Amino acid sequence: SAMLAGCRRALPAALGRALRVRAAGPGRRAVSTSWCPVGAAFDAKQQQQQPPRGSAAGRETGLFGVPELSCPEGFQEAQDKALQQSEQLVQKACSTPPGPETVMIFDQLSDALCRVADLADFVKIAHPDFAFREAAEEACRNIGTVVEKLNTDVELCQSLRRLLADEVVMSSLDPETRRVAELFMFDFEISGIHLDEEKRKKAVNLNVRILDLCNEFLTGAHLPNKIDKNVLPEHIRYNFTAEGNYLQVAGLHADCPDDLVREAAYKIFLYPNAEQLSRLEELLASRNSLAQLVGYDTFAHRALQGTMAKTPETVTQFLEKLSDQLSKRAQKDFEMMTKMKMKLNPQNSKLMPWDHPYYSGVLRAERYNIDPGLYCPFFSLGACMEGLNSLFSQLLGISLYAEQTQRGEVWSEDVRKLAVVHETEGLLGYIYCDFFQRPDKPHQDCHFTVRGGRLRENGEYQLPVVVLMLSLPHSTRGAPTLLSPGMMENLFHEMGHAMHSMLGRTRYQHVTGTRCPTDFAEVPSILMEYFANDYRVVNQFARHYKTGQPLPKNMVSRLCESKKLCAAADMQLQVFYAALDQIYHGKHPLKKSTTEILKETQEKFYGLPYVPNTAWQLRFSHLVGYGAKYYSYLMSRAVASMVWKQCFAQDPFDRAMGERYRREMLAHGGGKEPILMVQGMLQKSPSVEDFVDALVSDLDQDFETFIMDS
């Protein structure tokens, strides 16, 4: 939707000339008295003290420092204020002659709505208090309704169209302003504003229906399946939840060592459900109808507009070439897994889809001895945060400081607030770290934009505010919070999104930070994984929390090499999912049922056979948020790999490269075409073959490590 297109999360998650706007007022502080070193803030001994009442920090405020949000009812007040402001801005937009001010007003309108919608989007899933969650949900719905109205406001659209039609004015605008104007128009057209009234109504109804179907499909994708308990052998029943005479199967049990449990879970959990099947068919058909109504061949053509890939044809070419390159390597991986299965289960040695995740894990553990318990003591949360701080300081001149929060500002007492400070530009923004497990908290690692950065009318810069959400264990009496290697890598990944948000300092909040095409949004976060897997970086912070001993180099090498084992088979599975997503969102009517297409695509792209009477696509929840864009993760990884090898592999602390990375890739948010940002960084335009080569070369074993460990 036009006004809210910017209000989206980088995910299950973010460049022309940087504006380098210096924050006014307090933003210019070098160091504040309420800041403390970041590592100490996450140390077990340092519990967040509530400031005393009456002190400056002890003043009552609301969530994220928004005064109205000190209680759930405040959402109504914040929403009313935003709607009042948006009405005035709509009138202003309609009466302003075409010029740069038109774009500024549209962005203010987007900002007024996003400031409430983005914040509510986070609160509705993460706040421990049900009343807050419910109020936030209501605010999301109400603002969504207003957005639907604005998207079909012909007069509002005309004010933008007048600007775009005025060649003299358009040629006088800077590239970022021009791009933002075009993005707003693109969002309008997706809602069918250019159609006659009857077709416009149809487009609105389709949009509403698609939203409902998405929610229903998501719910259905996670519902357990039931089975009569007598169908399963008695000795495996205890693995599933009993409900009277039935057993509930709520997932694939992929890590269970018992082959029979995995097989049963796979066949039962993926058993086709007729309602979910018809939801998926209607969702795909509705998306296709809407795309064709607003002038696209297929939904994929519409979804890929403005992305790095640009067209479904490019995506298909990328996936097919990658598939060809992976096929022999993946075959070798499956042969290794088959041998392992024969060794452990000689009676039934045929490798099946439910075996892939389990036996690849067994092979890694056996060959490389990478028990997480050996690594955790070296990765205390405080040490990892200091490691990130040190890396950002060397690469970008940025430091992270923990800042005291006011009463009512955070939703849980273990949330920490970080100030992100540049050595010459001062305060750049805030990151709220919601890192620890708690009851009812979603088990997903995410980055949320709560407020986008933008240049305000008074010349000051509106500082970005984001939340990073993880599910880490709490500290114990004897030990700080200790991270497994996977958790440490996820922390680096999410921090990559956060830095994109802090440094994507655009003039317009509509394209700030991670508000950019999906296939580019994951590049900064995946690039951080390369840093997290480099010994030179890890050696700066990984210390045993008791002895202070550094993590031995061969342990880091083993960990990195273990990730390459069976990686071709893992990637082949991702290629299969991405190809399936493209076909589902390609030409309609589909030639066959979604299950027959699944079977065909699996046979073409994946080395393990389709299992009759299963319908994996009904559990493919990414079809909702990543419809026609599931390939994005692979393409982002290809770009991140190229940037790492070309720019940082030689010296991960190279300040000049860090500055180039900020200038070319982070600074523009979504305000510049993604492929131009990649060209600026790599100083060449990568081809589909380059993307494929980058991914495939990452699979090669490192010879030096192999010799060292032999």
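Note that these values count all heavy atoms, side chains included, but never hydrogens, waters or copies made by symmetry. Please read these numbers as outputs of a predicted model, since none were measured by experiment. Along the sequence shown, the residues carry numbers beginning at 1.
- Side-chain N/O atoms of S390 and Q394 include a donor and acceptor closer than 3.5 Å.
- Counting heavy atoms from C-beta on, the side chains of M502 and V466 come closer than 4.5 Å.
- Partner Y432 forms a ring-ring contact (aromatic ring centres under 6.0 Å, His included) with one of F64, F122, F448 and no other, that one being F64.
- A donor-acceptor contact shorter than 3.5 Å is absent between the side chain of R543 and the backbone of Q549.
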Yes or no on salt bridge (charged side-chain N to carboxylate O under 4.0 Å, His left out) for R637 and D570, after CA distance, side-chain angles and deciding distance? CA-CA 14 Å; R637 181 164 286 284; D570 295 346; over 6 Å; no

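- Side-chain N/O atoms of H493 and E522 include a donor and acceptor closer than 3.5 Å.
- Summarising the geometry of T481 relative to S475, their closest heavy-atom pair is OG1-N, 3.2 Å, with the distance given to 0.1 Å.
- In the model, S557 has no side-chain atom that pairs as donor or acceptor with a side-chain atom of K553 under 3.5 Å.
- A donor atom on one side chain and an acceptor atom on the other are not found under 3.5 Å apart for Y266 and D355.
- Nearest heavy-atom pair, N533 versus K563, reported as atom, atom and distance to 0.1 Å: OD1-NZ, 2.6 Å.
- Between the side chain of S636 and the backbone N or O of Y633, no donor-acceptor pair lies under 3.5 Å.
- Considering CG of D654 and CD of E659, their distance stands at 10.0 Å, rounded to 0.5 Å.
- Checked against a 6.0 Å centroid threshold, the rings of F334 and Y606 count as neighbours.
- For the pair L418/Y401, no side-chain contact is recorded, criterion being any heavy-atom separation below 4.5 Å from C-beta on.
- Donor-acceptor pairing under 3.5 Å is lacking for the side chains of D333 and H356.
- Residues C647 and R660 come closest through the heavy atom pair SG-NH2, 4.0 Å.
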Assess whether side chain to side chain contact (heavy atoms under 4.5 Å, CB included) is satisfied between F42 and C433, documenting all intermediate values. CA-CA 10 Å; F42 290 94; C433 300; 3.9 Å; yes

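- Open room surrounds CG on D255; 12 or fewer heavy atoms of other groups in view lie less than 6.0 Å from it.
- Here the side chains of M469 and Q444 are in contact, with some heavy-atom distance below 4.5 Å.
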Run R536 and N539 through side chain to side chain contact (heavy atoms under 4.5 Å, CB included) and show every step you take. CA-CA 5 Å; R536 293 160 296 181; N539 189 44; 6.0 Å; no

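- In this structure, the side chain of T476 engages the main chain of A479 through a donor-acceptor pair within 3.5 Å.
- Between the CG atom in L247 and the CG atom in N239 there is a gap of 10.0 Å [rounded to 0.5 Å].
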Before you tell me yes or no, could you show the steps for Y545 and F379 under side chain to side chain contact (heavy atoms under 4.5 Å, CB included), namely the whole-Å CA-CA distance, both residues' side-chain angles and the distance that decides it to 0.1 Å? CA-CA 8 Å; Y545 75 98; F379 295 137; over 6 Å; no

Run L470 and F436 through side chain to side chain contact (heavy atoms under 4.5 Å, CB included) and show every step you take. CA-CA 6 Å; L470 305 173; F436 302 101; over 6 Å; no

Quick one, K339 with E366, criterion salt bridge (charged side-chain N to carboxylate O under 4.0 Å, His left out). Give me CA distance, side-chain angles, the key distance, then yes/no. CA-CA 13 Å; K339 278 182 190 157; E366 187 177 88; over 6 Å; no

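- Shown here for L400 and N389, the closest heavy-atom pair between the two residues is N-OD1, 2.8 Å.
- With contacts defined as side-chain heavy-atom distances shorter than 4.5 Å, the pair M495/L468 qualifies.
- Defined by atom type and a distance below 3.5 Å, a donor-acceptor pair is present between the side-chain atoms of D259 and Y359.
- A donor atom on one side chain and an acceptor atom on the other are not found under 3.5 Å apart for W411 and D129.
- Residues L565 and R367 meet the side-chain proximity criterion, which asks for heavy atoms closer than 4.5 Å.
- Using bins of under 30°, 30° to 60° and over 60° for the plane-to-plane angle, the ring pair F648/Y661 lands in the perpendicular bin.
- Residue H253 forms a ring-ring contact (aromatic ring centres under 6.0 Å, His included) with just one option from F269, F240, W354, and that option is F240.
- Shortest non-hydrogen contact noted between N369 and R558 is O-NH2, 3.4 Å.
- Remark: side-chain polar atoms of S349 are not paired, donor with acceptor, to backbone N or O of P346 under 3.5 angstrom.
- A distance of 8.5 Å separates CG in L483 from CE in M488, rounded to the nearest 0.5 Å.
- In this structure a side-chain-to-backbone donor-acceptor pair under 3.5 Å is present from R619 to A221.
- For the pair E664/L682, no side-chain contact is recorded, criterion being any heavy-atom separation below 4.5 Å from C-beta on.
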Would E561 and K564 satisfy salt bridge (charged side-chain N to carboxylate O under 4.0 Å, His left out), going step by step from the backbone distance to the final call? CA-CA 5 Å; E561 290 309 294; K564 295 177 184 177; 3.3 Å; yes

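- The backbone N or O of C256 lies less than 3.5 Å from a partner atom in the side chain of R262, making a donor-acceptor pair.
- Checked by atom type and distance alone, the side chain of R451 pairs as donor or acceptor with a backbone atom of L463 at under 3.5 Å.
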Would D698 and K645 satisfy salt bridge (charged side-chain N to carboxylate O under 4.0 Å, His left out), going step by step from the backbone distance to the final call? CA-CA 10 Å; D698 274 353; K645 286 175 197 139; 3.0 Å; yes

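- The side-chain heavy atoms of I398 and V421, taken from C-beta on, include no pair separated by under 4.5 Å.
- Shortest non-hydrogen contact noted between K441 and F435 is NZ-C, 3.8 Å.
- For Y631 and Y626, the gap between ring centers reaches or exceeds 6.0 Å.
- Looking only at distances, no side-chain donor or acceptor of R515 sits under 3.5 Å from a matching main-chain atom of S501.
- Judged purely by atom type and a 3.5 angstrom limit, T449 has no side-chain atom pairing as donor or acceptor with the backbone of G452.
- For the pair F378 and P552, the minimum side-chain heavy-atom distance is below 4.5 Å.
- Between the side chain of Q325 and the main chain of D693, no donor-acceptor pair closer than 3.5 Å is present.
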